[in-house]
Amino acid sequence: MAFVSGFQRLLRHSHSHFTSIRFNSTLTSPKLFVSGLSRLTTDEKLTEAFSPFGQLMEAKVIIDRASGRSKGFAFVSYATVEEAEKAREGMNAKFLDGWVIFVDPAKPREPRPPPQAESQAPQTGFTVNKTVGWCG
DNA sequence: CCTGAGCGA
């Protein structure tokens, strides 16, 4: 059952994945998004599968806190981009616990605020007091 | 218990 679903996913996503690997084989971040996991796959199993490719900084299966079960995807990050590259080449579209997993670059979790906020220092009450002093 | 596109308990 699980194998059939894995193959269906593999066929569905084969276009975008294999073409993106062929034409864009360079990662910009050592963070990887792993999807297609078995719901039984844990951090331990993920670490076992991804540790041969480099120094793991993080290998975390995302757990749904309502059910306490895996959501079926995970985040894996390495010390360097090169290691993440090897892991992606070595683990993408491979079997893990009976499911075909997909390894892609991860998006940044928090949208970064534009760096214009740093240029203007947040002066609060003192600015108002100076202005009042100018009046008197 | 079961589930199958996706981007963080």
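Order of the sequence lines sets the chain letters (A, B, ...), proteins ahead of strands, with each chain counted from 1. Quick note: numbers below take in every heavy atom, side chains included, and nothing from hydrogens, waters or symmetry partners.
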For [X] against [Y], the heavy-atom pair lying closest together:
X       : Y        : result
A/Leu96 : A/Ser38  : O-CB, 4.4 Å
A/Phe73 : A/Ser35  : CB-CA, 3.9 Å
A/Asn92 : A/Phe102 : OD1-CA, 3.3 Å
A/Leu27 : A/Pro105 : CD2-CG, 3.4 Å

Atom-to-atom span, [atom1] of [X] to [atom2] of [N] - whole angstrom:
X        : N     : atom1 : atom2 : result
A/Lys31  : B/dC7 : NZ    : C1'   : 10 Å
A/Leu37  : B/dG6 : CG    : C1'   : 12 Å
A/Phe95  : B/dG4 : CZ    : P     : 18 Å
A/Phe102 : B/dG4 : CZ    : C1'   : 11 Å
A/Asp104 : B/dC7 : CG    : C1'   : 10 Å
A/Arg88  : B/dC7 : CZ    : P     : 17 Å
A/Asp64  : B/dC7 : CG    : P     : 15 Å
A/Leu27  : B/dC7 : CG    : C1'   : 15 Å

Using a strict heavy-atom distance below 4.0 Å, which residues from residues 41-59 of chain A are in contact with DNA chain B?
A/Glu58
With sequence neighbours excluded, what pairs up with A/Glu48 under the side-chain hydrogen bond (donor to acceptor under 3.5 Å, both in side chains) test?
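By the side-chain hydrogen bond (donor to acceptor under 3.5 Å, both in side chains) rule, A/Glu48 matches no residue at all.
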Residues forming a side-chain hydrogen bond (donor to acceptor under 3.5 Å, both in side chains) with A/Thr28, sequence neighbours excluded
none
DNA chain B: A/Arg69 or A/Val61, which has the more 5' nearest nucleotide?
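It is A/Arg69 whose nearest nucleotide is closer to the 5' end.
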Both A/Ile63 and A/Lys71 contact DNA chain B. Which one's nearest nucleotide lies toward the 5' end?
A/Lys71
Mark this stacking check for A/Phe73 against B/dG6 as yes or no, applying ring centres under 5.5 Å and ring planes under 30°.
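Stacking is absent between B/dG6 and A/Phe73, given that the ring centres and planes do not meet under 5.5 Å and under 30°.
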Of all the choices, B/dG8, B/dG4, B/dA9, which nucleotide is nearest to the side chain of A/Arg65 once you look at every atom?
B/dA9
Could you work out which one of B/dG4, B/dC7, B/dC1 sits closest to the side chain of A/Trp99?
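Out of B/dG4, B/dC7, B/dC1, the nucleotide with an atom closest to A/Trp99's side chain is B/dG4.
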Polar side-chain atom of A/Glu85 near backbone of A/Val81 as donor-acceptor pair, under 3.5 Å
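Checked: no pair found.
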